[in-house]
Amino acid sequence: MTIAILDAAAAEAALDDLAKVLHDCVLHGASVNFVQPFPLAEARGYWQRQLPDLRAGKAILFIARQDGEIAGTVMLGLDTPPNQPHRADVKKLLVHSRARRQGLARALMQAVETEARRRGRSLLTLDTEHGSAAEPLYQGLGYTLLGIMPGYALSADGTAAQPCAFFYKTLT
């Protein structure tokens, strides 16, 4: 496994591979802002819409490669208001179903934290579907549960509004 940062040009060249990871995650039940049916073209469109923020330095895209293929992603969102220059958002931690339970998510999160520190960010925030497999990962990485909001977003299959868990971590 290797972790790398993709700039906007590299992300644009990898749109199809990025789309495959997002598509797979939603089809396997990840609640990451999309509902099924979820065509691959919609996943590709999502990544295309991220390119301007990557170009402008408002976000940083990390990927995990396994056997030469993109198997995971996460973004560090740096587009915070002027009174929050110390904060950043963790977005779209995704690991393809074929690569789960192998440490990719943990490695991606550690890379995000390292880069956030390097950029002077001392507070990370994120959210995830309450009860998801991601919750224990975040807690194991030292994130603190801020609270749970009921009925926040539809499940990936679109059948019911699910609660969302909000987390933060102070970096030292």
Side-chain angles (χ1 to χ4, degrees), residues 2-66 68-85 87-100 104-105 107-109 111-116 118-119 121 123-129 132-134 137-138 149 151-159 161-162 164-168:
T2 59
I3 305 293
I5 292 175
L6 294 188
D7 64 16
E12 189 167 20
L15 282 175
D16 290 337
D17 294 332
L18 293 167
K20 288 175 188 173
V21 173
L22 175 56
H23 185 252
D24 174 79
C25 288
V26 173
L27 292 183
H28 283 89
S31 177
V32 288
N33 303 118
F34 302 100
V35 295
Q36 299 167 15
F38 183 62
L40 189 57
E42 191 175 337
R44 191 176 199 282
Y46 167 79
W47 287 111
Q48 283 179 309
R49 290 188 300 278
Q50 303 316 301
L51 295 175
D53 282 353
L54 294 174
R55 282 188 195 100
K58 294 178 180 180
I60 301 169
L61 174 60
F62 297 80
I63 60 154
R65 287 193 188 276
Q66 189 178 58
E69 294 184 27
I70 296 177
T73 71
V74 69
M75 286 194 301
L76 180 64
L78 300 170
D79 190 22
T80 55
N83 68 341
Q84 299 171 34
R87 187 178 67 76
D89 298 312
V90 178
K91 303 176 179 185
K92 293 290 184 283
L93 177 63
L94 305 167
V95 176
H96 196 284
S97 60
R98 73 174 183 280
R100 292 190 182 149
L104 272 72
L108 284 163
M109 289 298 293
V112 160
E113 291 177 15
T114 297
E115 184 65 17
R118 192 182 77 72
R119 291 174 175 266
R121 304 298 172 118
L123 178 66
L124 294 180
T125 60
L126 61 86
D127 63 81
T128 191
E129 183 177 3
S132 73
L137 169 73
Y138 298 136
M149 187 176 296
Y152 187 77
L154 290 178
S155 57
D157 65 8
T159 59
Q162 298 296 316
C164 184
F166 292 85
F167 288 89
Y168 71 92

Which residues pass the salt bridge (charged side-chain N to carboxylate O under 4.0 Å, His left out) test with Arg118, not counting sequence neighbours? Glu115

All ring pair (Phe, Tyr, Trp, His ring centres under 6.0 Å) counterparts of Tyr152, not counting sequence neighbours: Phe166

Exercise: identify the closest heavy-atom pair between Leu78 and Ala88: CD2-CB, 4.1 Å

Would you give me the side-chain donor-acceptor pairs under 3.5 Å for residues 27-41, sequence neighbours excluded?
residue: His28; atom: ND1; partner: Asp24; partner atom: O; Å: 2.9
residue: His28; atom: ND1; partner: Asp24; partner atom: OD1; Å: 3.1
residue: Asn33; atom: OD1; partner: Lys92; partner atom: NZ; Å: 2.5
residue: Gln36; atom: NE2; partner: Val26; partner atom: O; Å: 2.8

Gap separating the CG atom of Leu94 from the CE atom of Met75, nearest 0.5 angstrom: 8.5 Å

Among residues two or more places apart or on two chains, list those pairs meeting salt bridge (Lys or Arg N to Asp or Glu O under 4.0 Å) that have a residue in residues 51-65. Glu12-Arg55

For Asp16, salt bridge (charged side-chain N to carboxylate O under 4.0 Å, His left out) partners two or more places apart: Arg44

Interatomic distance, CG@Leu104 vs OG1@Thr73, rounded to 0.5 Å, equals 10.5 Å

Is the shortest heavy-atom distance from the side chain of Ile60 to the side chain of Arg119 under 4.5 Å? yes

Is the backbone of Lys91 close enough, under 3.5 Å, to the side chain of Asp89 for a donor and an acceptor to pair up by distance? no

Before giving the answer on side chain to side chain contact (heavy atoms under 4.5 Å, CB included), spell out for Leu93 and Val112 the whole-Å C-alpha distance, their side-chain angles and the decisive distance to 0.1 Å. CA-CA 10 Å; Leu93 177 63; Val112 160; over 6 Å; no

Do Met109 and Leu126 have side chains that approach each other closer than 4.5 Å (heavy atoms only, starting at C-beta)? yes

Taking side chain to side chain donor-acceptor pair (under 3.5 Å) as the test, write out the residues that go with Thr80, two or more places apart. Arg121

Do you know which two heavy atoms are closest between Ile3 and Ala64, and how far apart they sit? CD1-CB, 3.6 Å

How many angstroms lie between atom CG of Leu54 and atom CG of Leu6, to the nearest 0.5 angstrom? 8.5 Å

Could you walk me through whether Leu124 and Leu76 pass the side chain to side chain contact (heavy atoms under 4.5 Å, CB included) check? CA-CA 9 Å; Leu124 294 180; Leu76 180 64; 3.8 Å; yes

Atom pair CG/CD1 of Leu61 and Ile70 - distance to nearest 0.5 Å: 7.5 Å

Can you list the residues that meet the side chain to side chain donor-acceptor pair (under 3.5 Å) rule with Asp17, with sequence neighbours excluded? none

Salt bridge (Lys or Arg N to Asp or Glu O under 4.0 Å) contacts touching residues 74-83 (sequence neighbours left out): none

Under the rule for side-chain contact (heavy atoms from CB on, under 4.5 Å), what residues qualify as partners of Ala165, not counting sequence neighbours? Thr128, His130, Glu135, Leu145, Ile148, Phe167

Of all residues at least two apart in sequence or in a different chain, which pass the side chain to side chain donor-acceptor pair (under 3.5 Å) check with Glu113? Tyr143, Lys169

My understanding is that only residues two or more places apart in sequence, or in another chain, count here; which of them pass salt bridge (charged side-chain N to carboxylate O under 4.0 Å, His left out) with Arg98? Glu69

Rounded at 0.5 Å granularity, tell me how far CD in Gln162 sits from CG in Asp157. 8.0 Å

Pairwise distance CG(Leu15) to NZ(Lys20) - rounded to 0.5 angstrom: 12.0 Å

I'd like to check the salt bridge (charged side-chain N to carboxylate O under 4.0 Å, His left out) partners of Asp127; sequence neighbours left out, ordered by chain and number. none

